[in-house]
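A short write-up of the structure that comes next.
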Amino acid sequence: MIMKKIDVSTSINGIKLPLCIMNASGVLCTTDQELSNLLNSCSGGVVTKSCTYKPRKGNVSPRYFEWNTGSINSMGLPNLGINFYLNFLEKKEINKPVFLSISGLSIEENYFLIQKANGSSKVTAIELNLSCPNLLEKEDMLSYNFYKISNFIENIFKFNKKPLGVKLPPYFQDTHIKNIALILNKFPIFFVTCINSLPNGIFIDTNKESVVIRPKKGFGGIGGPIIKPFALANIHKFYTYLRKDISIIGCGGISSGKDIFEHILCGASAVQIGTQFMKEGISVFRRLKKELTFILEKKNYLSIDNFKGKLKVFQ
Ligand code: DHB
(Lines give C-alpha, C1' and ligand atoms only; values in the text may rest on other atoms or scores of the structure.)
Protein backbone atom coordinates (compact mmCIF):
# COMPACT_ATOMS: atom_id res chain seq x y z
CA MET A 1 0.00 0.00 0.00
CA ILE A 2 2.62 2.55 1.13
CA MET A 3 4.90 1.36 -1.70
CA LYS A 4 2.38 2.84 -4.19
CA LYS A 5 3.10 6.47 -3.55
CA ILE A 6 6.87 6.21 -3.93
CA ASP A 7 7.94 7.48 -7.33
CA VAL A 8 11.06 5.92 -8.83
CA SER A 9 10.55 7.44 -12.28
CA THR A 10 12.93 10.08 -13.59
CA SER A 11 13.58 12.60 -16.30
CA ILE A 12 16.75 12.88 -18.35
CA ASN A 13 16.60 16.50 -19.40
CA GLY A 14 12.92 16.10 -20.27
CA ILE A 15 13.08 12.47 -21.48
CA LYS A 16 10.70 10.64 -19.14
CA LEU A 17 11.75 7.22 -17.86
CA PRO A 18 9.13 5.18 -15.95
CA LEU A 19 11.96 3.81 -13.79
CA CYS A 20 15.39 5.36 -13.13
CA ILE A 21 17.13 2.01 -13.80
CA MET A 22 18.20 0.68 -17.20
CA ASN A 23 20.83 -1.58 -18.74
CA ALA A 24 24.39 -0.43 -19.44
CA SER A 25 25.36 -0.55 -23.08
CA GLY A 26 27.18 -3.75 -24.00
CA VAL A 27 25.42 -6.15 -21.67
CA LEU A 28 22.73 -8.38 -23.22
CA CYS A 29 21.63 -5.73 -25.70
CA THR A 30 23.15 -6.85 -29.00
CA THR A 31 20.64 -9.24 -30.59
CA ASP A 32 16.93 -9.14 -31.47
CA GLN A 33 16.18 -11.52 -28.57
CA GLU A 34 18.20 -9.55 -26.01
CA LEU A 35 16.68 -6.22 -27.02
CA SER A 36 13.16 -7.69 -27.07
CA ASN A 37 13.72 -8.98 -23.53
CA LEU A 38 14.74 -5.49 -22.44
CA LEU A 39 11.71 -3.89 -24.11
CA ASN A 40 9.49 -6.38 -22.29
CA SER A 41 11.18 -5.88 -18.91
CA CYS A 42 10.45 -3.20 -16.31
CA SER A 43 13.73 -1.37 -17.04
CA GLY A 44 13.17 2.35 -17.42
CA GLY A 45 14.86 2.52 -20.81
CA VAL A 46 16.72 0.39 -23.31
CA VAL A 47 20.30 1.08 -24.32
CA THR A 48 21.62 -0.77 -27.37
CA LYS A 49 25.07 -2.30 -27.78
CA SER A 50 27.43 0.33 -29.19
CA CYS A 51 27.17 0.04 -32.94
CA THR A 52 29.41 0.65 -35.88
CA TYR A 53 28.49 1.02 -39.55
CA LYS A 54 29.40 -2.56 -40.48
CA PRO A 55 28.56 -5.58 -38.33
CA ARG A 56 31.54 -6.86 -36.28
CA LYS A 57 32.33 -10.21 -34.74
CA GLY A 58 34.55 -8.62 -32.08
CA ASN A 59 37.63 -10.08 -30.41
CA VAL A 60 38.44 -13.77 -29.89
CA SER A 61 37.17 -15.61 -26.80
CA PRO A 62 37.52 -15.85 -23.90
CA ARG A 63 36.80 -12.13 -23.86
CA TYR A 64 34.70 -11.75 -20.69
CA PHE A 65 35.40 -12.99 -17.17
CA GLU A 66 33.83 -12.24 -13.81
CA TRP A 67 34.69 -12.90 -10.19
CA ASN A 68 33.07 -11.96 -6.85
CA THR A 69 33.87 -8.29 -6.88
CA GLY A 70 34.39 -7.43 -10.52
CA SER A 71 34.52 -8.25 -14.20
CA ILE A 72 36.97 -7.83 -17.05
CA ASN A 73 36.12 -7.61 -20.73
CA SER A 74 37.71 -7.04 -24.08
CA MET A 75 34.81 -7.71 -26.40
CA GLY A 76 36.08 -5.65 -29.32
CA LEU A 77 32.75 -4.08 -30.24
CA PRO A 78 30.83 -7.12 -31.53
CA ASN A 79 27.57 -5.71 -32.93
CA LEU A 80 25.15 -6.23 -35.78
CA GLY A 81 25.72 -2.85 -37.47
CA ILE A 82 23.58 0.30 -37.22
CA ASN A 83 21.08 -0.82 -39.87
CA PHE A 84 20.14 -3.84 -37.80
CA TYR A 85 19.36 -1.67 -34.75
CA LEU A 86 17.38 0.90 -36.73
CA ASN A 87 15.39 -1.85 -38.54
CA PHE A 88 14.77 -3.66 -35.25
CA LEU A 89 13.34 -0.50 -33.70
CA GLU A 90 11.27 0.23 -36.79
CA LYS A 91 9.36 -3.04 -36.51
CA LYS A 92 8.86 -2.95 -32.73
CA GLU A 93 6.29 -1.28 -30.59
CA ILE A 94 8.36 0.97 -28.34
CA ASN A 95 6.99 1.65 -24.86
CA LYS A 96 9.95 3.38 -23.21
CA PRO A 97 12.90 5.55 -24.20
CA VAL A 98 15.49 3.92 -26.45
CA PHE A 99 19.09 5.07 -26.33
CA LEU A 100 21.03 4.12 -29.45
CA SER A 101 24.66 3.71 -28.44
CA ILE A 102 27.09 4.68 -31.17
CA SER A 103 30.80 3.95 -31.28
CA GLY A 104 32.22 4.59 -34.73
CA LEU A 105 35.77 3.48 -35.48
CA SER A 106 36.69 6.97 -36.63
CA ILE A 107 35.40 10.50 -36.15
CA GLU A 108 34.01 10.45 -39.70
CA GLU A 109 32.18 7.20 -39.03
CA ASN A 110 30.63 8.75 -35.92
CA TYR A 111 29.29 11.71 -37.94
CA PHE A 112 27.75 9.25 -40.36
CA LEU A 113 26.17 7.13 -37.60
CA ILE A 114 24.76 10.18 -35.83
CA GLN A 115 23.30 11.39 -39.13
CA LYS A 116 21.65 8.00 -39.65
CA ALA A 117 20.24 7.92 -36.10
CA ASN A 118 18.75 11.37 -36.75
CA GLY A 119 16.63 9.79 -39.46
CA SER A 120 14.88 7.35 -37.10
CA SER A 121 11.84 8.44 -35.11
CA LYS A 122 12.22 5.33 -32.92
CA VAL A 123 15.52 6.48 -31.43
CA THR A 124 14.73 8.61 -28.39
CA ALA A 125 18.33 9.68 -27.83
CA ILE A 126 21.86 8.93 -28.91
CA GLU A 127 24.43 7.78 -26.36
CA LEU A 128 27.70 8.63 -28.07
CA ASN A 129 30.34 6.31 -26.69
CA LEU A 130 33.63 8.17 -26.39
CA SER A 131 35.22 5.58 -24.16
CA CYS A 132 35.54 2.10 -25.68
CA PRO A 133 38.85 0.79 -24.30
CA ASN A 134 39.14 -2.48 -26.20
CA LEU A 135 39.80 -1.87 -29.85
CA LEU A 136 42.84 -3.67 -31.24
CA GLU A 137 42.94 -1.33 -34.23
CA LYS A 138 42.73 1.90 -32.25
CA GLU A 139 44.76 2.44 -29.10
CA ASP A 140 43.87 6.02 -28.18
CA MET A 141 40.59 6.95 -26.57
CA LEU A 142 38.95 10.12 -27.81
CA SER A 143 37.72 10.99 -24.36
CA TYR A 144 41.28 11.37 -23.05
CA ASN A 145 42.05 13.92 -25.79
CA PHE A 146 40.40 17.20 -24.77
CA TYR A 147 41.32 19.10 -27.90
CA LYS A 148 39.85 16.47 -30.26
CA ILE A 149 36.67 16.10 -28.17
CA SER A 150 35.90 19.81 -28.29
CA ASN A 151 36.25 19.99 -32.05
CA PHE A 152 34.34 16.75 -32.56
CA ILE A 153 31.33 17.83 -30.48
CA GLU A 154 31.25 21.25 -32.07
CA ASN A 155 30.95 19.58 -35.50
CA ILE A 156 28.23 17.19 -34.30
CA PHE A 157 25.97 20.03 -33.18
CA LYS A 158 26.23 21.66 -36.59
CA PHE A 159 23.81 19.02 -37.87
CA ASN A 160 22.50 16.89 -34.98
CA LYS A 161 18.85 17.39 -33.97
CA LYS A 162 18.39 14.36 -31.68
CA PRO A 163 18.79 14.41 -27.94
CA LEU A 164 22.41 13.35 -27.48
CA GLY A 165 24.56 12.39 -24.52
CA VAL A 166 28.11 11.14 -24.17
CA LYS A 167 29.43 8.05 -22.38
CA LEU A 168 32.69 8.86 -20.64
CA PRO A 169 35.52 6.84 -19.13
CA PRO A 170 36.62 7.37 -15.53
CA TYR A 171 38.82 10.39 -14.92
CA PHE A 172 41.22 10.52 -12.02
CA GLN A 173 42.02 14.20 -11.72
CA ASP A 174 39.80 17.09 -10.75
CA THR A 175 41.19 19.28 -13.54
CA HIS A 176 40.36 16.65 -16.17
CA ILE A 177 36.71 16.57 -15.13
CA LYS A 178 36.62 20.36 -14.91
CA ASN A 179 38.00 20.66 -18.43
CA ILE A 180 35.63 18.09 -19.94
CA ALA A 181 32.69 19.78 -18.20
CA LEU A 182 33.78 23.18 -19.53
CA ILE A 183 33.75 21.74 -23.05
CA LEU A 184 30.40 19.95 -22.65
CA ASN A 185 28.78 23.00 -21.07
CA LYS A 186 29.22 24.89 -24.35
CA PHE A 187 26.86 22.54 -26.21
CA PRO A 188 23.20 21.45 -26.00
CA ILE A 189 24.17 18.05 -24.59
CA PHE A 190 21.27 16.22 -22.91
CA PHE A 191 23.18 13.91 -20.59
CA VAL A 192 26.51 12.44 -19.59
CA THR A 193 26.84 8.76 -18.75
CA CYS A 194 29.70 8.00 -16.40
CA ILE A 195 31.57 5.81 -16.02
CA ASN A 196 32.59 3.24 -18.63
CA SER A 197 34.85 0.42 -17.42
CA LEU A 198 38.26 1.23 -15.95
CA PRO A 199 40.49 0.70 -18.98
CA ASN A 200 43.43 -1.68 -19.21
CA GLY A 201 43.14 -3.74 -16.05
CA ILE A 202 44.34 -7.30 -15.71
CA PHE A 203 42.93 -10.24 -13.71
CA ILE A 204 44.99 -13.32 -12.91
CA ASP A 205 44.04 -16.95 -12.37
CA THR A 206 46.60 -17.81 -9.70
CA ASN A 207 46.34 -21.58 -10.17
CA LYS A 208 46.94 -21.37 -13.88
CA GLU A 209 49.38 -18.47 -13.42
CA SER A 210 47.59 -16.92 -16.38
CA VAL A 211 45.50 -14.03 -17.52
CA VAL A 212 41.79 -14.85 -17.95
CA ILE A 213 40.91 -13.23 -21.29
CA ARG A 214 42.65 -13.81 -24.61
CA PRO A 215 42.61 -10.44 -26.46
CA LYS A 216 45.24 -7.77 -25.79
CA LYS A 217 47.43 -10.14 -23.72
CA GLY A 218 44.80 -10.24 -20.98
CA PHE A 219 44.21 -6.51 -20.60
CA GLY A 220 40.61 -5.32 -20.53
CA GLY A 221 38.01 -2.97 -19.08
CA ILE A 222 37.20 -3.54 -15.41
CA GLY A 223 33.61 -3.31 -14.17
CA GLY A 224 31.55 -4.45 -11.19
CA PRO A 225 31.54 -3.64 -7.45
CA ILE A 226 35.26 -2.76 -7.27
CA ILE A 227 34.81 0.28 -9.53
CA LYS A 228 31.92 1.85 -7.59
CA PRO A 229 34.08 4.39 -5.68
CA PHE A 230 35.42 5.72 -8.99
CA ALA A 231 31.93 5.89 -10.50
CA LEU A 232 30.62 7.80 -7.48
CA ALA A 233 33.56 10.20 -7.54
CA ASN A 234 33.14 10.95 -11.25
CA ILE A 235 29.38 11.45 -10.91
CA HIS A 236 29.85 13.74 -7.92
CA LYS A 237 32.46 15.89 -9.65
CA PHE A 238 30.51 16.11 -12.92
CA TYR A 239 27.43 17.08 -10.91
CA THR A 240 29.45 19.97 -9.49
CA TYR A 241 30.89 21.17 -12.78
CA LEU A 242 28.22 20.48 -15.40
CA ARG A 243 25.41 22.86 -16.33
CA LYS A 244 22.42 21.91 -14.18
CA ASP A 245 20.22 20.96 -17.16
CA ILE A 246 22.71 18.28 -18.28
CA SER A 247 21.55 15.08 -16.55
CA ILE A 248 23.97 12.48 -15.29
CA ILE A 249 23.38 8.79 -15.87
CA GLY A 250 25.41 6.87 -13.30
CA CYS A 251 27.05 3.60 -14.23
CA GLY A 252 29.57 1.49 -12.37
CA GLY A 253 29.45 -1.01 -9.58
CA ILE A 254 25.72 -1.22 -8.95
CA SER A 255 24.45 -4.52 -7.58
CA SER A 256 21.88 -3.37 -5.00
CA GLY A 257 19.29 -0.69 -4.33
CA LYS A 258 21.75 0.84 -1.86
CA ASP A 259 24.29 1.32 -4.67
CA ILE A 260 21.63 3.10 -6.74
CA PHE A 261 20.78 5.34 -3.79
CA GLU A 262 24.46 6.32 -3.55
CA HIS A 263 24.70 7.10 -7.28
CA ILE A 264 21.65 9.38 -7.05
CA LEU A 265 22.98 11.02 -3.88
CA CYS A 266 26.11 11.91 -5.91
CA GLY A 267 23.93 13.51 -8.59
CA ALA A 268 22.78 10.79 -10.99
CA SER A 269 19.28 11.19 -12.45
CA ALA A 270 19.23 7.57 -13.63
CA VAL A 271 21.52 4.56 -13.47
CA GLN A 272 22.71 1.75 -15.71
CA ILE A 273 23.48 -1.83 -14.75
CA GLY A 274 26.31 -3.71 -16.46
CA THR A 275 28.17 -6.50 -14.64
CA GLN A 276 25.26 -7.32 -12.32
CA PHE A 277 22.83 -7.55 -15.27
CA MET A 278 25.28 -9.97 -16.92
CA LYS A 279 25.41 -12.08 -13.71
CA GLU A 280 21.74 -12.05 -12.84
CA GLY A 281 19.85 -11.61 -16.08
CA ILE A 282 16.69 -9.68 -16.86
CA SER A 283 15.13 -10.11 -13.39
CA VAL A 284 17.75 -7.72 -11.98
CA PHE A 285 15.59 -4.69 -12.85
CA ARG A 286 12.60 -5.84 -10.81
CA ARG A 287 14.80 -6.68 -7.81
CA LEU A 288 16.66 -3.36 -7.91
CA LYS A 289 13.41 -1.42 -8.29
CA LYS A 290 12.08 -3.17 -5.20
CA GLU A 291 15.26 -2.55 -3.20
CA LEU A 292 15.43 1.13 -4.17
CA THR A 293 11.73 1.66 -3.37
CA PHE A 294 12.26 0.03 0.02
CA ILE A 295 15.14 2.37 0.88
CA LEU A 296 13.11 5.45 -0.12
CA GLU A 297 10.23 4.20 1.96
CA LYS A 298 12.45 3.75 5.03
CA LYS A 299 13.99 7.19 4.56
CA ASN A 300 10.64 8.85 3.91
CA TYR A 301 11.61 10.09 0.46
CA LEU A 302 8.81 10.22 -2.10
CA SER A 303 10.93 10.62 -5.22
CA ILE A 304 14.55 10.69 -6.27
CA ASP A 305 14.49 14.50 -6.48
CA ASN A 306 14.26 14.57 -2.67
CA PHE A 307 17.92 13.51 -2.35
CA LYS A 308 19.52 13.75 -5.81
CA GLY A 309 22.94 15.41 -5.57
CA LYS A 310 22.53 16.05 -1.85
CA LEU A 311 25.60 14.15 -0.70
CA LYS A 312 26.89 15.66 2.55
CA VAL A 313 30.57 16.47 2.96
CA PHE A 314 32.48 17.59 6.05
CA GLN A 315 32.64 21.38 6.36
C1 DHB B 1 33.38 -2.46 -25.84
C2 DHB B 1 33.69 -2.17 -24.53
C3 DHB B 1 33.38 -0.94 -24.02
O4 DHB B 1 33.67 -0.60 -22.74
C5 DHB B 1 32.75 -0.01 -24.81
O6 DHB B 1 32.46 1.19 -24.29
C7 DHB B 1 32.42 -0.31 -26.11
C8 DHB B 1 32.73 -1.54 -26.63
C9 DHB B 1 33.73 -3.76 -26.39
O10 DHB B 1 34.82 -4.25 -26.11
O11 DHB B 1 32.92 -4.31 -27.16
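First listed ligand is number 1; within each ligand, the first listed atom is number 1. All heavy atoms count here, side chains included; hydrogens, waters and symmetry mates do not.
Ring orientation note: the planes of Tyr171 and Tyr144 are nearly perpendicular, at an angle over 60° on the 30°/60° scale. Under the 30°/60° scheme for interplanar angles, the aromatic rings of Tyr301 and Phe261 are found to lie parallel.
Looking at Asn23, its side chain does come within 3.5 Å of a backbone N or O of Val47 through a donor-acceptor pair.
Qualifying ring pair (Phe, Tyr, Trp, His ring centres under 6.0 Å) partners for Phe238, counting only residues two or more places apart in sequence or in other chains: none. The salt bridge (Lys or Arg N to Asp or Glu O under 4.0 Å) check on Lys237 picks up Asp174, with sequence neighbours excluded. Every residue meeting the salt bridge (Lys or Arg N to Asp or Glu O under 4.0 Å) condition with Lys148, not counting sequence neighbours, appears here in chain and number order: Asp140.
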So what's ligand 1 close to, N/O to N/O, under 3.5 Å?
residue	atom	partner	partner atom	Å
ligand 1	4 (O)	Asn196	OD1	2.8
ligand 1	6 (O)	Asn129	ND2	2.7
ligand 1	6 (O)	Asn196	ND2	2.6
ligand 1	10 (O)	Met75	N	3.1
ligand 1	10 (O)	Gly76	N	2.8
ligand 1	10 (O)	Asn134	ND2	2.9
ligand 1	11 (O)	Lys49	NZ	2.8
ligand 1	11 (O)	Gly76	N	3.4
ligand 1	11 (O)	Leu77	N	2.6

